[in-house]
Amino acid sequence: MPYDINDTHDPKLESWVESANDPESDFPIQNLPFVYMASPDDMGSAEHLGLRIGDSILNLYELSHVVPILGKSARGEELFHLENGPSLLDGASSGLGQQIRKRLQELLGSSASDALRAQISEHLFPEDECFLEHIQPLDYTDFYASLHHATNVGSMFRPDNPLLPNYKHIPIGYHGRASSIVPSGTPVRRPVGQQAPAEEGGSPQFGPCKMLDFELEMGMIIGRGNELGEPISIADAEDHVFGMCIVNDWSARDLQKWEYQPLGPFLAKSFATSVSPYIVTMEALAPFRTPAFARAAGDPQPLPYLDSDYNRTSGGIDITCEVWLASEQMRSRDLAPVRLCKSSFKDLYWTLAQFVTHHTVNGCNLQPGDLLASGTISGATRDSRGSMLELTWDGDPWANPPVVVPGTQRTPIKLPTGEERKFLADGDEVIIKAYCEREGFRRIGFGECRGTIEAART
Ligand code: MN
């Protein structure tokens with residue numbers, strides 16, 4: 001069953017880690033996201049599981065050797081090593097995660113004894129001194145769940161027929177590439193590839209991508225998998241999700257336009273996908289649940305296998321998502337990044353439970369650690385569009401009456417340096433932020449997902 005709001009969400013809870021009590025922090029004691037990490041004095045790679053609290057990282061693997069984490073007596077250190085990460089992901093969906101969350105709040109809460117604080121402090125490090133890694137998924141699927149995004153993009157390429165007839169019946173997705181998923185901060189090299197011929201009937205062009213883009217997305221990390229041939233029902237779907245992170249599905253639009261028919265995206269997407277390191281658990285997100293997207297009168301209802309009372313009333317999550325940009329020139333002049341857009345995960349046409357259930361309805365097996373991403377999160381207004389493809393486009397199918405223009409009519413975004421962007425330039429840094437706010441609850445956040453564009457290989 002999905003998580004209820006409980007004592008662990010009490011906004012009055014405070015931590016003895018002072019930075020966690022800053023109301024602006026993404027990481028108060030009500031959040032406690034997991035991360036793969038190595039402590040500063042560790043020579044190895046990020047083999048331990050840690051958690052973020054305020055501006056610090058707590059090494060749970062090291063701590064579990066001196067302080068029991070699973071309960072008063074069970075230590076559980078084996079759970080907090082990379083080799084066994086999947087068992088934590090698995091357990092987290094089955095009540096173990098709740099037990100750990102409660103215990104960690106005791107350890108980090110303001111009523112912890114001085115002796116305990118001293119023991120814990122030895123395994124608590126400033127975030128910027130730790131080596132952080134993302135969870136490396138075995139498999140990655142990207143959905144297309146924003147009706148606004150699908151309609152905007154469809155209007156550019158098929159002005160007469162923007163939304164294909166399947167869209168409101170079936171969560172559309174494509175199978176992404178897990179090997180090129182990279183942690184936040186990894187530079188992204190501009191891809192080279194084929195682009196459509198300049199004239200009809202001519203030869204395709206070949207060279208560096210000229211229409212490089214980001215896609216603002218959120219990802220779901222699978223906790224418990226399913227056996228091949230055993231679908232996951234909508235009632236059980238959320239029990240299989242461990243938590244969420246930020247995703248940037250970098251996209252080469254000119255490569256995509258030439259290659260996408262008839263089998264969907266391929267090299268336009270597989271050169272890199274950036275993910276944020278912190279996994280915010282589904283339990284931490286409980287206060288921010290919303291109804292599923294309100295379908296317009298006349299829209300079809302989901303087929304019964306994709307429908308439930310719970311999904312209708314609470315299938316959405318209000319996660320505010322923002323994209324910021326800093327060009328190389330802006331950074332060299334110490335100018336702050338500018339915000340390009342702001343939208344919310346709750347405005348997606350399909351819910352995360354529907355992703356899981358639809359993905360497995362044919363018997364396909366999900367495995368612990370798999371990544372399911374939402375697709376670009378765009379809203380109805382121009383400043384809530386989650387990609388450059390949409391942000392600089394002059395059409396607006398959501399205006400009354402709709403403004404439908406060919407895909408090439410664009411107004412560039414002006415940067416504070418006077419530079420202009422229709423798509424991303426070399427040296428541009430894209431920063432995605434995500435957070436949840438609700439009256440009566442403590443704000444929690446996902447941190448950031450960053451990536452800077454490097455020039456194409458010549
Ligand atoms: Mn995408």
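Count residues from 1 along the sequence. Values below: every heavy atom of this structure, side chains too, minus hydrogens, waters and symmetry copies.
A 4.5 Å side-chain heavy-atom check between Q30 and F441 finds every atom pair outside the cut-off. Looking only at side-chain heavy atoms (C-beta outward), C436 and T320 stay at 4.5 Å or farther from each other. Contact of the L285 side chain with the V280 side chain is registered, since non-hydrogen atoms from C-beta on lie closer than 4.5 Å. Residues P33 and T281 are not in side-chain contact: their nearest non-hydrogen atoms beyond the backbone lie 4.5 Å or more apart. You'll find the side chain of S184 stays beyond 4.5 Å of the side chain of T186, heavy atoms only. Under the 4.5 Å side-chain criterion, counting only non-hydrogen atoms from C-beta, L147 is not in contact with D347. For the pair T376 and S146, the minimum side-chain heavy-atom distance is 4.5 Å or more. Using a 4.5 Å heavy-atom cutoff, the side chains of V182 and T273 are not in contact.
Here the CZ-CD1 distance, from F345 to I317, works out to 5.0 Å after rounding to the nearest 0.5 Å. Separating the OG1 atom in T357 from the CG atom in L352 is a distance of 9.5 Å, to the nearest 0.5 Å. Annotation: the span from L104 atom CG to F34 atom CZ amounts to 6.0 Å, rounded to 0.5 Å. Here the CZ atom belonging to R289 is positioned 11.0 Å from the CG atom belonging to D4, to the nearest 0.5 angstrom. Rounding to the nearest 0.5 Å places CD of Q329 at 9.0 Å from CG of L335. Distance check: L372 CG to L366 CG gives 6.0 Å after rounding to the nearest 0.5 Å.
Without hydrogens or angle criteria, H48 side chain to Y61 main chain gives no donor-acceptor distance under 3.5 Å. Without hydrogens or angle criteria, T351 side chain to Q354 main chain gives a donor-acceptor distance under 3.5 Å. Judged purely by atom type and a 3.5 angstrom limit, R117 uses its side chain to pair as donor or acceptor with the backbone of A112. Between the side chain of R103 and the backbone N or O of Q98, no donor-acceptor pair lies under 3.5 Å. When atom types are taken as modelled, the side chain of N21 and the backbone of S15 share a donor-acceptor pair closer than 3.5 angstrom. A donor-acceptor contact shorter than 3.5 Å links the side chain of S344 to the backbone of K346. The closest donor-acceptor contact from the side chain of N226 to the backbone of C364 lies under 3.5 Å. With hydrogens and angles disregarded, a donor-acceptor distance shorter than 3.5 Å links the side chain of H9 to the backbone of N6. Formation of a donor-acceptor pair under 3.5 Å by the R52 side chain with backbone atoms of L32 is not found in this model. Looking only at distances, no side-chain donor or acceptor of E429 sits under 3.5 Å from a matching main-chain atom of L325.
Applying the 6.0 Å contact sphere to NZ of K168 captures more than 12 heavy atoms from other residues, nucleotides or ligands.
Not less than 6.0 angstrom separates the ring centroid of Y174 from the ring centroid of Y144.
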Evaluate C449 against V247 for side chain to side chain contact (heavy atoms under 4.5 Å, CB included), listing each step before the verdict. CA-CA 7 Å; C449 182; V247 175; over 6 Å; no

Would F266 and Y260 satisfy ring-ring contact (aromatic ring centres under 6.0 Å, His included), going step by step from the backbone distance to the final call? CA-CA 7 Å; F266 180 29; Y260 88 103; over 10 Å; no

Please test I432 against W324 for side chain to side chain contact (heavy atoms under 4.5 Å, CB included), starting from the C-alpha separation and ending with a verdict. CA-CA 6 Å; I432 305 184; W324 297 69; over 6 Å; no

Walk me through whether I57 and L132 qualify under side chain to side chain contact (heavy atoms under 4.5 Å, CB included). CA-CA 9 Å; I57 306 278; L132 303 181; 4.0 Å; yes

Set out, in order, the CA-CA distance, both residues' side-chain angles and the distance that settles salt bridge (Lys or Arg N to Asp or Glu O under 4.0 Å) for R410 and E420, then state yes or no. CA-CA 12 Å; R410 296 180 174 275; E420 292 190 342; over 6 Å; no

Apply side chain to side chain contact (heavy atoms under 4.5 Å, CB included) to M211 and K422, showing your working. CA-CA 8 Å; M211 299 167 73; K422 287 182 180 168; over 6 Å; no

Run the numbers on N59 and S39 for side chain to side chain donor-acceptor pair (under 3.5 Å), then give the verdict. CA-CA 7 Å; N59 188 323; S39 298; 2.8 Å; yes

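Between E437 and R442 there is no salt bridge, since no side-chain N of the basic residue sits under 4.0 Å from a carboxylate O of the acidic one. In this structure, E419 pairs ionically with R421, as a charged nitrogen and a carboxylate oxygen lie closer than 4.0 Å. In this structure, K433 does not pair ionically with E322, as no charged nitrogen and carboxylate oxygen lie closer than 4.0 Å. A salt bridge does not link R443 with E24: none of the charged nitrogens is closer than 4.0 Å to a carboxylate oxygen.
Neither side chain, W258 nor Q195, offers a donor N or O lying under 3.5 Å from an acceptor on the other. Using modelled atom types, one finds a donor on one side chain and an acceptor on the other under 3.5 Å when comparing E390 with S378. Looking at E238 and H240, their side chains never bring a donor and an acceptor atom within 3.5 Å of each other. In this model, a donor atom of one side chain and an acceptor atom of the other lie less than 3.5 Å apart for D55 and S19. Side-chain contact check for E127 and S56: no donor-acceptor pair (N or O, by modelled atom type) lies under 3.5 Å. Side-chain contact check for D142 and H175: no donor-acceptor pair (N or O, by modelled atom type) lies under 3.5 Å. Under the 3.5 Å distance criterion, with hydrogens and angles disregarded, a donor-acceptor pair is assigned to the side chains of D394 and T411.
Between S343 and S384, the shortest heavy-atom contact is CB-O, 3.6 Å. In terms of heavy atoms, P2 sits closest to D239 at N-OD1, 4.3 Å. Closest non-hydrogen pair, V405 versus G395, comes out as CG2-N, 3.3 Å. Nearest heavy atoms, V404 versus S155: CG1-O, 4.1 Å. Here the shortest heavy-atom pairing between P171 and L306 reads CD-CD1, 3.9 Å. When every heavy atom of T8 is checked against every heavy atom of L13, the shortest pair comes out as O-CD1, 3.9 Å.
A salt bridge (Lys or Arg N to Asp or Glu O under 4.0 Å) check over residues 170-189, counting only residues at least two apart or in different chains, returns the pairs R189-E454. Sorted by first and then second residue, the ring pair (Phe, Tyr, Trp, His ring centres under 6.0 Å) pairs involving residues 274-293 (not counting sequence neighbours) are F27-Y278, F293-Y349.
Checked options D213, D426, D254; the residue passing with R190 is D426 (criterion: salt bridge (charged side-chain N to carboxylate O under 4.0 Å, His left out)).
Relative ring orientation between F143 and H359 is described as perpendicular, the plane-to-plane angle rising above 60° on a 0-90° scale split at 30° and 60°.
Seen from the ring of W250, K269 does not count as a face-on cation partner, given the 6.0 Å and 45° thresholds.
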